[in-house]
Amino acid sequence: MVARALAIVHHDERGGSCRSHPSPPPCDPAEDLRCITTTFHYLQTSGWYWGSSSASEARAALLEQSEGTFLVRDSSHPRYMLALSVKTRCGPTSVRIEYSRGSFWLDSISPGLPPLQSFPDVLSLIQHYTASGSTPQGQASNGVHPQTKRDPAKHTAKDNGVPLKLTHPLHKPEAFPSLQHLTRLTINRHTSCPDLLPLPMPLLRYLQDYPFHI
């Protein structure tokens with residue numbers, strides 16, 4: 001179910017505007033391929049990417065979980081690659097993830113909301129929203145400096161939306177993280193510069209392969 005989480009709405013057409021807009025930069029297929037490949041590599045490593053699971057399967061998996069539990073899966077909508085499914089205070093819901101020209105952001109075109117934020121990969125997007133309850137307003141975690149689009153997490157009440165609260169991921173039973181990966185997550189939580197740690201190069205490369213703490 002794709003609900004109005006964060007007053008997120010889905011429209012196939014957008015109203016016209018009399019204001020002129022600059023032409024977008026030309027699409028770079030090579031950059032798109034690199035960006036999408038990197039995101040799916042991170043997702044496969046995370047353990048909480050549920051692949052082709054449907055919205056109903058995601059709902060069933062999240063139904064008995066605590067509020068804020070989330071997972072990422074393939075979107076069933078042909079215009080979207082991915083969807084974020086999360087247990088809210090009103091039950092499980094799903095939000096589509098937009099992609100364009102090397103940036104990912106949550107699907108929202110509600111005109112009453114201020115700009116969303118876009119990120120170079122889905123893991124940076126998710127990590128930002130998991131940290132948004134404890135980090136200063138507008139600050140992205142893990143050194144990511146997102147571009148400005150719309151940020152629904154700070155403006156939900158006036159739109160009667162369901163607040164987006166991400167606390168912890170739901171791992172697939174067959175993809176539960178290894179002890180090695182859990183150690184990597186712990187290191188990433190406690191340092192912003194793992195490259196400077198006095199570790200052998202193979203271990204440094206292993207940390208660089210997944211620079212996140214979720």
Side-chain angles (χ1 to χ4, degrees), residues 1-14 35-36 39-100 103-133 146 149-176 212 214:
M1 176 181 69
V2 178
R4 293 184 64 235
L6 309 165
I8 291 176
V9 294
H10 307 285
H11 298 297
D12 293 328
E13 297 179 356
R14 303 190 183 191
C35 184
I36 293 169
T39 276
F40 276 94
H41 167 71
Y42 288 154
L43 286 171
Q44 293 285 1
T45 304
S46 72
W48 39 268
Y49 169 56
W50 287 58
S52 60
S53 296
S54 66
S56 59
E57 290 171 332
R59 176 180 175 81
L62 291 167
L63 195 58
E64 301 302 322
Q65 302 296 322
S66 60
E67 181 183 356
T69 306
F70 64 88
L71 59 90
V72 171
R73 58 181 178 81
D74 297 339
S75 175
S76 58
H77 194 290
R79 289 178 53 196
Y80 300 84
M81 285 185 292
L82 297 165
L84 168 66
S85 294
V86 57
K87 174 68 175 294
T88 73
R89 66 189 183 202
C90 298
T93 190
S94 293
V95 181
R96 294 163 185 156
I97 298 174
E98 294 260 15
Y99 171 79
S100 180
S103 295
F104 295 86
W105 66 93
L106 295 179
D107 178 28
S108 174
I109 56 174
S110 176
L113 297 177
L116 269 176
Q117 292 179 331
S118 66
F119 300 82
D121 53 76
V122 170
L123 272 291
S124 296
L125 183 155
I126 300 296
Q127 183 162 281
H128 170 74
Y129 284 108
T130 58
S132 63
K149 286 192 182 292
R150 296 176 182 267
D151 192 346
K154 305 181 185 68
H155 296 267
T156 60
K158 67 178 180 180
D159 293 282
N160 298 317
V162 179
L164 179 64
K165 177 183 178 182
L166 303 182
T167 57
H168 57 276
L170 180 63
H171 291 88
K172 293 187 70 173
E174 64 271 24
F176 197 80
F212 308 99
I214 53 173

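Not measured: the values here are computed from a predicted model.
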Side chain K172, main chain Y49, donor-acceptor under 3.5 Å: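 The answer is no, because no donor-acceptor pair under 3.5 Å joins these two groups.
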Which atoms form the tightest heavy-atom contact between [X] and [Y], and what is the distance?
X	Y	value
Q65	K87	O-NZ, 2.7 Å
A61	L170	O-CD2, 3.6 Å
L123	S46	CD1-CB, 4.5 Å
S53	R73	O-CD, 3.4 Å
A58	S85	CB-OG, 3.6 Å
Y129	L106	CE1-CD1, 3.9 Å

Rounded to the nearest 0.5 Å, what separation is found between the [atom1] atom of [X] and the [atom2] atom of [Y]?
X	Y	atom1	atom2	value
I97	I126	CD1	CD1	5.0 Å
Q117	L125	CD	CG	9.0 Å
L63	S56	CG	OG	12.0 Å

Test item: [X] and [Y] side chains (from C-beta on) under 4.5 Å apart, heavy atoms:
X	Y	result
T167	T130	no
S118	E98	no
V122	Y42	no
T69	V86	no
W50	E57	no
L43	W48	yes
P169	H171	yes

L84 and L166: CA distance, side-chain angles, deciding distance, side chain to side chain contact (heavy atoms under 4.5 Å, CB included) verdict: CA-CA 10 Å; L84 168 66; L166 303 182; 4.1 Å; yes
Once the angle between the rings of F104 and Y99 is folded into 0 to 90°, is it parallel (under 30°), tilted (30 to 60°) or perpendicular (over 60°)?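 Tilted: the ring planes of F104 and Y99 meet at 30° to 60°.
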Parallel, tilted or perpendicular: ring planes of F119 versus H128, cut at 30 and 60 degrees: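 If you compare the ring of F119 with that of H128, the planes turn out tilted.
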Could you walk me through whether L82 and D74 pass the side chain to side chain contact (heavy atoms under 4.5 Å, CB included) check? CA-CA 4 Å; L82 297 165; D74 297 339; 3.8 Å; yes
